[in-house]
Amino acid sequence: PPLAAISIDRRAVLDAALARQAAADAALAAPLDVRAVTEVASVAHLEAVADAHAGCVLALVLHARSCGTCKALVAQLASLAASAEYPGVVFLKHDVRDAFDEATDLSRLHRVRSTPTLLLFRGGAAVRRGALADSRVGVPAAPGAREGGVRAWLRVALAEARGDGG
């Protein structure tokens with residue numbers, strides 16, 4: 001049989017693209033629940049959160065869907081976010097892989113080599129980094145993180161990020 005011509009409805013494609021863009025813009029404008037760990041979708045989303053919460057420290061965990069340690073860390077951060085232990089801290093998370101299993105722009109921007117990686121931001125700039133790292137890549141591991149000392153590491157790192165000393 002002969003090949004049939006492919007017909008593309010350009011108007012429908014453009015309308016769908018505009019709808020996706022409008023949904024993305026609405027997600028950027030939506031207020032955050034600071035008592036929960038919020039998923040950050042992109043660099044633009046992180047910048048919007050940093051602008052909206054300029055006086056806060058942002059704690060961003062870069063994780064992988066398939067990483068058990070990452071899931072445990074995100075769960076610990078969720079319990080910290082729900083408590084009143086860290087006022088002025090906004091807890092965020094970002095999956096380092098996109099739908100096509102490629103590294104995301106945010107993970108490439110911050111040169112994530114291992115997961116989980118925890119970044120602290122103040123005034124829109126990354127001020128502290130900690131990772132449960134593989135020694136082969138040369139990224140220092142967060143002190144005590146393997147022994148369950150994430151709270152202790154976070155307390156010291158947040159004090160430094162706030163400028164309280166350590």
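As the structure is a prediction and not an experimental result, all values here were calculated from the model. Position 1 is the first residue of the sequence, and the numbers go up from there. What's counted below: heavy atoms across the whole structure, side chains too, no hydrogens, waters or symmetry copies.
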* Is there a donor-acceptor pair closer than 3.5 Å between any side-chain N or O of Arg97 and the backbone N or O of Ser66? -> no

* Residues Thr38, Val49; criterion side chain to side chain contact (heavy atoms under 4.5 Å, CB included); working and verdict -> CA-CA 10 Å; Thr38 303; Val49 170; over 6 Å; no

* Does a side-chain heavy-atom distance below 4.5 Å link Leu60 with Leu106? -> yes

* Does the side chain of Cys70 come within less than 4.5 Å of Val61's, by heavy atoms? -> no

* **Phe121 side chain reached by Leu92 side chain, heavy atoms, under 4.5 Å** => no

* From CG (Leu62) to SG (Cys67), nearest 0.5 Å -> 11.5 Å

* Answer yes or no: is there a side-chain heavy-atom contact under 4.5 Å between Asp105 and Arg108? => yes

* **Contacts of type ring pair (Phe, Tyr, Trp, His ring centres under 6.0 Å), residue His53, not counting sequence neighbours** => none

* **Residue pair Thr104 / His94, side-chain donor-acceptor N/O under 3.5 Å** => yes

* How long is the gap from CD on Glu39 to NE2 on His63, to the nearest 0.5 Å? -> 4.5 Å

* To do: Would you please name every residue forming a side-chain contact (heavy atoms from CB on, under 4.5 Å) with Asp15, sequence neighbours left out?
  => Arg11

* So which heavy atom on Arg113 is nearest to which on Arg129, and how close? -> N-NH2, 4.5 Å

* To do: Considering non-hydrogen atoms only, spot the tightest contact between Cys56 and Val90 and give its length.
  => CB-CG2, 4.0 Å

* **Test log, rule side chain to side chain contact (heavy atoms under 4.5 Å, CB included), inputs Leu73 and Gln76** => CA-CA 5 Å; Leu73 180 59; Gln76 280 186 319; 3.9 Å; yes

* Structure fact -> Here the pair of heavy atoms bringing Gly124 nearest to Ala50 is CA-CB, 4.2 Å

* Could you check if a side-chain atom of Leu46 sits within less than 4.5 angstrom of a side-chain atom of Leu58, using non-hydrogen atoms only? => yes

* Counting N and O atoms only, with roles assigned by atom type, does the side chain of Arg65 sit under 3.5 Å from a partner on the main chain of Asp95, one being a donor and the other an acceptor? -> no

* Should His110 and Leu119 count as side-chain neighbours, where that means a heavy-atom distance under 4.5 Å? -> yes

